[in-house]
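The structure appears right after this line, and notes come after that.
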Amino acid sequence: MSLQGKRIVVGLGGGIAAFKAVQLVRELMRRGAEVRVVMTEAATRFVGPITFAGLTGKPAVTDLWAEDYAGEVHVELGEWGDAVVIAPATMNLIARATSGQANDALLATLACARGDVFFVPSMHQRMWLHPATQSNVRVLTERGAVVLGPVNGPLANGEVGEGRMLEPDDIADAVESHLAHSDDLAGTRVLITAGPTHEALDPVRFLGNRSTGRMGYAIAAQALRRGAEVTIVSGPVQLPVPTGAEVVPVRSARQMHEAVMSRFDRFDVVIMAAAVADYRPVQRVAQKIKKGGSMKLELVRNPDILADVGAKRVQQPSVLVGFALETENLEQAARGKLEQKGADLIVANEASVGLGGDSNCATLVDATSASPLPEMSKRALADQILDRVRTLLKNPSRKPRHEAKRGAPN
Ligand code: CTP
């Protein structure tokens, strides 16, 4: 009964998988949730609202204009639900949600949702793989919605492909595990570095790297969802700011260093997901460099922000997390960094996966263990990292830093 006390709005789009929503509603209720149902007009062509009224004991909402309802049903439902689960989410529904339409009861409820929003797509594979759908799904995800599936399997017309809706049990599992995390970081202050740094060569050129900042921003989004107060010290990225985060924009490693060093001791957790340039040009040339023969570039080391926080922290942050990108000896190299940089946790990435993509394959290395994780979305990995952070926050057996580091050279 792990959804006990949770209030879930199930929203149906008009797709053949709508019949599975009946089972989904039952399963969510079996796990203890209170469920209300909203349907698009198209959805009512696939399953009857009466079925849901019978299951939930409340009429399924199908009409924004119902005369027997005095209030604003979409505002009430959006406020009521701890989550809105759209299943099936059709191509059309996803497109309308992305563009912010609110011209039926389901879309208007979605627009008013205060809780977590889940889309469970179901459509023919060509509709799913259509560039419009793919780009819409990216936008919804960036706005904080969770997209569950679809999976590869038999489709309505007998073809096999990617587009099949997840089974009701799997949807309920995902919703349950997502909601279980709600607010478990309430009151925790988290500082995250994210993105690349740009090391200026002249007024128009810089040395950079392929980091997109998605990993750091995913951690920020998940930490916010779990109730944390989040500040992102962000290198140059093309990502929307997660709602509720404070962002401190920087360009170079030295600016990032300054931004972190001036505030790290006000945070419980510091997570260094940025791909900081280890070197910068010795000097930034004032005018644009003109082409000539061959040229040599002289570089100097940048400060190591993670190591500096590790060396200088007294009480805060209680948990310091670094990343490591390795091509070999993943665990050993990560353990070396854990010790050298005074971190509590290193997220060690295979260099072959992760940089620039949507998924990541990591091993979590702390003082006592190394946990290899399967390849997963950056959002899922963010939650795994935050789960570990939470354990470390609660673990009193950690060596007190102020003893170990007192008098350490700067
Ligand atoms: N880091 C940092 N400041 C730097 C360089 C790195 O804070 N100047 C942080 C990164 O944010 C990351 C971790 O340190 O959390 C990565 O450590 P690094 O030693 O750079 O490891 P790799 O990137 O894996 O590179 P290498 O092993 O080549 O040193």
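Side chains are part of it too, since the values below use all heavy atoms of this structure and drop only hydrogens, waters and symmetry mates. Counting convention: from 1, in listed order, for ligands and their atoms alike.
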For ligand 1, the residues whose heavy atoms come within less than 4.0 Å (ordered by chain, then number): M272, A274, V276, D278, P303, D304, I305, L306, G322, F323, A324, L325, E326, K337, K341

Any carboxylate oxygen within less than 4.0 angstrom of a Lys/Arg side-chain nitrogen, looking at K312 and D265? no

Would the distance check show the side chain of R143 and the main-chain N or O of T98 forming a donor-acceptor pair, the cut-off being under 3.5 Å? yes

Side chains of S371 and R388: is there a donor and an acceptor less than 3.5 Å apart? yes

Do the side-chain N and O atoms of Q316 and D268 include a donor-acceptor pair separated by under 3.5 angstrom? yes

Which heavy-atom pair separates D308 from P303 by the least distance, and what is that distance? OD2-CB, 4.3 Å

Quick one: sort the H198 and F206 rings into parallel, tilted or perpendicular, breaks at 30° and 60°. parallel

